[in-house]
Structures are given as C-alpha cells and as structure tokens.
Number of protein chains: 2
Amino acid sequence: MTPGGEHTTRARILEVAEAFLGECGYHGTRLHLIAQRVGIQKASLFHYFPSKEGLYRAVLEESVGQTEETVRRVLEAQGTPFDKIRTLLESYVDMVAAHPARTKILLRQSLGDAPSEPPHTNDSQRLLDVIVQFIRDGQQAHAFEAIDPVALVLGIVGMVAFFFTSAPVLAPAWCGDPWSTGHAERVKHHVVEVVERCLTPTERPHAAARRATA
Amino acid sequence: MTPGGEHTTRARILEVAEAFLGECGYHGTRLHLIAQRVGIQKASLFHYFPSKEGLYRAVLEESVGQTEETVRRVLEAQGTPFDKIRTLLESYVDMVAAHPARTKILLRQSLGDAPSEPPHTNDSQRLLDVIVQFIRDGQQAHAFEAIDPVALVLGIVGMVAFFFTSAPVLAPAWCGDPWSTGHAERVKHHVVEVVERCLTPTERPHAAARRATA
DNA sequence: GTCTATATAGGGATAGAC
DNA sequence: GTCTATCCCTATATAGAC
C-alpha cells in the first residue's frame, strides 16, 4: 500500500514476469519459476497480483504506455518530415532493442497468446493513427511519396519485430547477438534506408500526383 | 502401415492439429480438443503419433517442405531478375494467404514456442541462402541495387507474416478479413512496390558500385 | 508479508479390453 | 484401430501458521 514499498518486490516481480512472458509465452510461463527467480515463494505472488492473468495485464500496461509516450514525443518535436521519420525509426528500434521481452510479448499477444479476452486494442489503434496521420500530412505537402501509409507503418513494425525475434533464429550468422548494439545499428540503417526509398518523392511531381489519385 | 490407409485419419489429424497449433500455440493446444474435432478419442492420437511433440514436428515438416519447393520452383523458372522477384513475392504471399495456421506456427516457432529443442533451423537456413544468393547474383550483374540482401529478405518475410497475423489485430479496419483475396492482393501490391523501390538501381552505376564496396 | 502445506483440476500418456 | 479407464505429474490457487 505504501508508495515507496511497491518499488521493491512488486517491481521486481513485474520485471521477472516480463522476461518469462516474452521467452515462454503466457501458457508456457510457470509462476513457480517467476517466484524462484525473484527469490520468494510462489504463494507470495498472489499477495501482489490477483491471478496469473492479472500479472500478465499489469506487464502489458506498463509496456504500451511507454511506447506511446516515446512516439508522441518524437513526432511533436521540431524538424523536417524526413528528420522526424528518421528519428522516429531510430527511437523505435532503440526502444525495441532495449526491451527484448516486450517486443516478444506484443508479438505473441497479437498472435492470440492471451488469457482469453483482447486487452488493449484501442491503445495500439490510436498509436497507429498518430503515425499514419503524420505521413498523410507529409504526403499532402508533397514531402513524401504517395505510398499507402498504413501498409508502410504496419510493414515496418513487423519488419523490426521480426529482426529482433525471429531473424536471429533463421539467420543467426547474420544477426549475431540480437541484443548487441551492433545488431540494433544494422537494423536501424536498413529500416531507414527502406523507408526513405519508399517515401522519397519521384523526380517529377506529376507522377506523384498521378499515383495519389489512382 | 498401408499407404492408402494413411490418407484418412492421419491426414485429418495433421490438418486439425495445424489449425490448433496456429491458433493456440504449442502449450495452448490441448490434445483432447484435437481428438474431439477429428471425431476420435484422445488415446487414439497416440496410435498415429508417438507424442504431442511428435505430432508437432510432423506438422512442421509438411509446412517447411512445401514452402521450400515453391521457392525453388519459382527461382528456377525463366525470366528477368525483376520478373523472378515479383513472381517469388506473389507466390509467397499467395502461399501465406492459403495457409493461415502455418504462418502463425512458423512465427511462434521462431519465437521459441517449441517443445524444447530447435527443430529445423537448417532447412530455413538453406531456404534463406537460396534467395539471398539469387539477389547477390542480380547485384553483381548490376540488375539490382546494392542493398543488404539478407536484411531485405528477412525484413520482407517479417513484413508479410505481420500483415497476416498481427496487423489484423492492430488495424482491423484497414485489413478487413485477413484471409480474403482482397487483403492478399493489397499485401502483394505493397510488398512488390517496396521491394522494387529497394532493388531498382540508382540512375548512375557509379553510386551503386560505391555502395557495394562501402 | 512471507512462509509451509494442501486443495483442486487439467492434461499428457499408458494399459488393456474389444 | 478404437475404445474406456486410469496413472501420474504439474500448475494454479487457497488456507492458515508465524
């Protein structure tokens, strides 16, 4: 109950649970292993969280909130549209790289690895809308090429998630340690290159205008 | 044991198991539900497969084999490098769209949702190498821009998987029914556009040559 | 708040009849 | 080959002492 008191055991449980949920998924996560790594007994978990599902939701909420804050902060900063896009991509990759388990949890969650009910679709929806609207504005100002913004954003999110979760399994030689700064930099470089190629306007404005109305 | 006899119950079990494994993951899949949907008793499953893990591996093998065959067939056909890339992308998206559960299983599997040991890393590795080598050849012939081929392929695989699994959850309004032909066509169009922008050589060959050695 | 001990349930796997 | 019945283990969750 005391505000300061929550900063020890409860936070530690969330931290450990996040790691296990990312690595093993909801069904694969065993409470006794969480308790063991925290250094408490399994039954003590139920003093801090009402159930396994409650713990899961608490982990999710902390993750989504931070992502949203980061994206909004970048888009509200100063700079040209291309500057913002580049900064947004780099911040996003940094964030993914800094929280390995979170990305896996979000991927699993959208795969349906949930207790039962869909938790926070609205949050993700709003977040997506913010970025899509930013790209649309840039396109109407002829700063960006007229490519489908929703497809672009969704594709990039999937790409980045894949680079940090699945790719190390499929191509370990290329990825090396996926949580090293080297891998994050390589991903950043590639993603920025792809997006810039997709958003750089075609030389003649006629072509861009034609595509936009097609 | 009889070759013809395997085509009824065993095949049906594989089919149902694939659906459950995709939807619920390995840990979330319950054998009694598979048996129930097939219309047999749970114990009868163990007549066809040695264990839950054995059934899982059987499902995986069938999936990987078909993917590999499709990719090789496209790459061995006639046509320009750009023709092949476009056909490869379209065939790949078609295949993903035709087997919803398979994509989810592969995604889950690379997330670590496996019985314990890594099943078929070598197969995926070989498959990836085939495509990467094709792109490298095109780059050395100056038909393709000098972008990192491994990153490109991995990114596209992740993008497509995401479009068919996670995106419908994050952006249901944009995706509609993810297994309709409309969604598959939209994904195809976008992926082809992105890849062509990434592989189209820069006007001056000097730039491409510079990048290749950088 | 943390522990030990236990209740309760579910699911993978086996035995053996038919 | 398919069934019924059961073993056995594990995992969530609870009860109650300290």
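Note that these values count all heavy atoms, side chains included, but never hydrogens, waters or copies made by symmetry. Below, read A as the first sequence line, B as the second, and so on, with proteins coming before strands; counting in each chain starts at 1.
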Under 4.0 Å between a side-chain nitrogen and a carboxylate oxygen: does that hold for B:Arg57 and B:Glu61? no
Atom-to-atom span, CG of B:Leu31 to P of C:dT14 - whole angstrom: 12 Å
note: A:Phe46, atom CZ; C:dC3, atom P; distance rounded to Å ~ 14 Å
Here the distance between atom P of C:dA13 and atom CD1 of B:Ile34, to the nearest Å, is 11 Å
Separation of A:Arg10 atom CZ from C:dG1 atom P, in whole Å? 12 Å
Between D:dT10, C:dA15, D:dA13, which one does the side chain of B:Ala43 approach most closely? C:dA15
For the side chain of A:Ser44, starting at C-beta, report the closest nucleotide among C:dA15, D:dT14, C:dT2. C:dT2
Would you kindly give the CD-to-P distance between B:Gln41 and C:dA17, to the nearest whole Å? 18 Å
Of all the nucleotides listed (D:dT10, C:dG10, C:dT2), which has the minimum atom distance to the side chain of A:Tyr48? C:dT2
Rounded to whole Å, how long is the line connecting atom CG of B:Leu33 with atom P of C:dG10? 12 Å
Determine whether the aromatic ring centres of B:Tyr26 and A:His27 lie less than 6.0 Å apart. no
Are the side chains of A:Ser63 and A:His99 in contact, using a 4.5 Å heavy-atom criterion? no
Which residue, B:His47 or A:Ser51, contacts DNA chain D at a nucleotide closer to its 5' end, judged by nearest heavy atom? B:His47
Please evaluate the base of C:dG11 for a donor-acceptor partner in the side chain of B:Lys42 within a cut-off of under 3.5 Å? no
A side-chain contact here means heavy atoms from C-beta on lying under 4.5 Å apart; do A:Gln36 and A:Val16 qualify? no
How many whole angstroms separate atom OH of A:Tyr26 from atom P of D:dA11? 14 Å
Starting at CG of B:Leu45 and ending at C1' of D:dT2, how long is that distance when rounded to a whole Å? 11 Å
May I ask you to say whether B:Arg72 pairs ionically with B:Glu68, meaning some side-chain N is under 4.0 Å from a carboxylate O? yes
Hey, which sits more toward the 5' end of DNA chain D by its nearest nucleotide, A:Pro50 or A:His32? A:His32
